Amino acid sequence: MGLENLNDKQLEAVKATEGPVLVLAGAGSGKTRVLTTRIAYLIKEKKVSPDSILAITFTNKAAKEMKERVIDIMGHTAKNIQISTFHSFGLLILKENYEKLGYKRNFTILDSDDSLTIIKKIIKELNYDPKIYNPNAIKSAISSSKNELINAENYERFVNSDFSDIVHKVYLKYEKKLLSSNCVDFDDLLTAPVTLFRNYPEILKEYQERYKYILIDEYQDTNEAQYVLTKLVSAKYKNICVVGDVDQTIFSWRGANYRNILNFEKDFPNANLILLEENYRSTQNILNAANDVIKNNKLRKDKILWTNNDSGLKIEYHRSYDEKDEAFYVASEIKKLIESGTEKKQIAVLYRTNAQSRAIEEAMLKENIPYKIVGTVNFYNRKEIKDLIAYLKLIFNEYDDVSLSRIINVPKRGIGLKTVENIIRKANDKSISMYDAIDSGKELEFKKLIMELKKESESLSLTELVEKVLEKTGIRQELLNEKTIEAELRIENLEEFKTIAKNSEEEMGVISLEDFLNNITLVSDVQEYKNYDDVVTLLTIHSSKGLEFENVFIIGMEEGVFPHKNSYSNMEELEEERRLCYVAITRAKKSLWFVNARRRTLYGIESCNPPSRFISEINDEYINSNISDINSLKVNIDSLVDENQEYQFGEKITHETFGLGIIVEMDKSVLTIAFPHPHGIKKILKGHKSIRKV
DNA sequence: CGGCAATGTGTTTTT
DNA sequence: CACATTGCCG
């Protein structure tokens, strides 16, 4: 079972099966090993039934990996364990209780693009100018509210400005639209189960009985909805084991609240607290660098990771001329590694923003280095693929007005804006779906096509259905007629989609249209299906969380890029950047590179950025550099702050982005300021340029 | 209705 | 810079 390889603390975490357990696990301290062994221990030693166990992870990648590891230990009994993301778990609950929440059996999940489309339409309907009221801002306000379990009606209490008033109105209409389209959005997958459990205690009871043992990974990244959901389901047996590391909170912008982990012992009195501080992953030098960076955060508890590993190589810091040069340097270093026998899958290039991947990708292509990009511009976001999916969604859920609007004229059928508007008006008047509202004209032809495909979908396999759609709708024919290279590429993508369908069918035996659609919406990572053996990995730091590589390159180590300039005005966001840096550094096992560029063209403008402050936070003795004097390049962070500014409790200030706020707490260097919704409470360095007295 | 050109806009991270 | 939206014309 692997108990023999665990240290005392890890063993304690595995064996403390009864009652609440909080495991504070530093980076690389073997927390995944603890979780997987704990699951095996529950089943083998404690004779717990596999389907009484619920294990929640934060990403699909982590869920997949955990499942594989458990299967490695236990074999196929492990297949019945519910190991998934919060969102997939929410979907499971929803599927078992859709009617109580007002949905029909064939509800579908909207992706975030679809949500935005709906919101744009609503803004138009309400006659607001989308230039003044940014649809994306409204969308994220609605999404944050949902994740804080504030529903559209309750949002009224937070209305205190023009903007929030409009958010409220859009939010109400948006919810109505989702329900009538028989659709849920991502956030509903978390909030709907909470609503269900609050309204139906007897249903909650069933789930409490079903999942007697609960494990939650990355607990510091849970938001309010996830937190409440966890608490509800675990309330009866309280056999809940949460694992996390406050220093690795990197999803605050999505509502993650690291206080959930700090409050765990309050929420579950007499919780067993276990600290894992020994790092097994990295060399001493890498770990020292990580510790040096993270200790600059003011809002944290002291914790020093240690390791028995050798001190290892110094961090290699390379400053390049520009981003092309940077990419070329990385590629040539990777080449050297590969030539000296390093496995490509032990090499990763990490960056702060997806946009940075392009230069690296070009260099990799030029140098002929096999690579994969994790979670880049989504395969499923390509137009032709979205169209195909919209057909499948509509075939499955005819109430889905979003999908219908998308494809009613794809390929061109001569159904224009006017016609569509008429259908919408009719549907609204009669309170029916657009699909049901269609009864004449060219649009009836379209409806008949969907009806026909719907009928066929009952008897065809998934792959056959996809083929039928490509053929009968004319999607493929239209592209064939184009006879351009672009169109050819699109056809290739459609064929690739068919392959994905086929593969998942083969993998799972049979897969229903429903499961397939849900899967591709929730698991947006197409590369899971592709067969990559030994290639270099390119990915954002965010998606690198939980992974490890022998050799890691962190590129764009510049002020403005990393830390990202949007985080400058707010101390909490800057500290999140620093945690992000901590995560990035601790991905490396053996060797680590910091790379940056003297000048960089991003979004069409060239800028010259000083090296990242994070580099200067690390003691020079851990760094090897092509620059003679690293210190001469250190940024003067103090220049951003006017230390002499004094404030008083209760004093009003204005912030350049959050507006008027009141100081509700202060200490030597940090102000806690309350801003109006949706900003809420922020911590800001005393005397920071972004705030002014009023 | 469909296609094209001009204009404008927003660019952090993910389920 | 890349893309999305708008406006104009056939």
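Order of the sequence lines fixes the chain letters, A, B, ..., with proteins taken first and strands second; residue numbering starts at 1 for each chain. Remember, predicted model here, so these are calculated numbers, not experimental data.
- Here A:L417 lies in heavy-atom contact (under 4.0 Å) with sugar-phosphate atoms only.
- Residue A:K412 places its side chain closer to B:dG2 than to any other of B:dG2, B:dG10, B:dT13.
- Rounded to an integer number of Å, the gap from A:K386 NZ to C:dC3 P is 16 Å.
- For the pair A:Q356 CD and B:dT11 P, the computed distance is 16 Å after rounding to whole Å.
- Put simply, CG on A:L189 is 14 Å from C1' on B:dT14, counting in whole angstrom units.
- For A:Y174 and A:Y155, the gap between ring centers reaches or exceeds 6.0 Å.
- Phosphate contact (OP1/OP2 of B:dT14, side-chain N/O of A:S543, threshold under 4.0 Å): present.
- A:E361 and A:Y371 form a side-chain donor-acceptor contact under 3.5 Å, judged by distance and modelled atom types alone.
- Between A:S88 and A:T85, the side chains place a donor N or O and an acceptor N or O closer than 3.5 Å (distance only, hydrogens not considered).
- With rounding to whole Å, A:I132 atom CD1 is found 16 Å from B:dG8 atom P.
- A close approach under 4.0 Å does not occur between any side-chain nitrogen or oxygen of A:N354 and OP1 or OP2 of B:dT12.
- The residue A:D187 sits apart from the nucleic acid: no heavy atom pair falls under 4.0 Å.
- Note on A:T419: only backbone sugar-phosphate atoms sit closer than 4.0 angstrom, heavy atoms only; bases stay farther off.
- Using a 4.0 Å heavy-atom criterion, one finds that A:T59 contacts the sugar-phosphate atoms exclusively.
- A cation-pi arrangement is present between A:R254 and A:F251, with the terminal nitrogen or guanidinium carbon under 6.0 Å from the aromatic centre and inside a 45° cone about the axis.
- With salt bridges taken as basic N to acidic carboxylate O contacts below 4.0 Å, none links A:K324 and A:E362.
- Salt bridge annotation for A:E443-A:R413: absent, with no cationic side-chain nitrogen under 4.0 angstrom from a carboxylate oxygen.
- Among the heavy atoms of the strands lying under 4.0 Å from A:F58 are primed sugar atoms or P, OP1, OP2 only; no base atom is included.
- The base of B:dT13 lies outside donor-acceptor range of the side chain of A:R254, with no N or O pair under 3.5 Å.
- For the pair A:L574 CG and B:dT13 P, the computed distance is 18 Å after rounding to whole Å.
- In this model, the phosphate group of C:dT5 is approached by a side-chain N or O of A:K120 to a distance below 4.0 Å at OP1 or OP2.
- B:dT14 atom P lies 12 Å from atom NZ of A:K545, rounded to whole Å.
- Among the nucleotides B:dT15, B:dT12, B:dT13, the one closest to the side chain of A:N60 is B:dT15.
- Here the nucleotide nearest the side chain of A:K124, chosen from B:dT14, B:dT12, C:dT6, is C:dT6.
- Using P as the reference atom, B:dT13 and C:dA4 are 16 Å apart when rounded to the nearest Å.
- What separates CG of A:L116 from C1' of B:dT11 is a distance of 14 Å, to the nearest Å.
- Between the side chain of A:H564 and the base of B:dT12, no donor-acceptor pair under 3.5 Å is found.
- A donor and an acceptor atom, one from each side chain of A:N609 and A:E559, are nowhere located under 3.5 Å apart.
- A sub-4.0 Å separation between OP1 or OP2 of B:dT11 and a side-chain N or O of A:N566 is absent.
- Distances from the side chain of A:K418 to the nucleotides B:dC1, B:dG2, B:dT15 place B:dC1 closest.
- For the pair A:D322 CG and C:dC1 P, the interatomic distance rounds to 15 Å; values are reported in whole Å.
- Centre separation under 5.5 Å together with a plane angle under 30° does not hold for the ring of A:F86 and the six-membered base ring of B:dT15, so they are not marked as stacked.
- Comparing A:S567 and A:G416 along DNA chain B, the residue whose closest nucleotide (by nearest heavy atom) sits nearer the 5' end is A:G416.
- Within the structure, every side-chain polar atom (N or O) of A:T521 is placed at least 4.0 Å from both OP1 and OP2 of B:dT15.
- In this structure, A:R358 reaches the C:dA2 phosphate: one of its side-chain N or O atoms is under 4.0 Å from OP1 or OP2.
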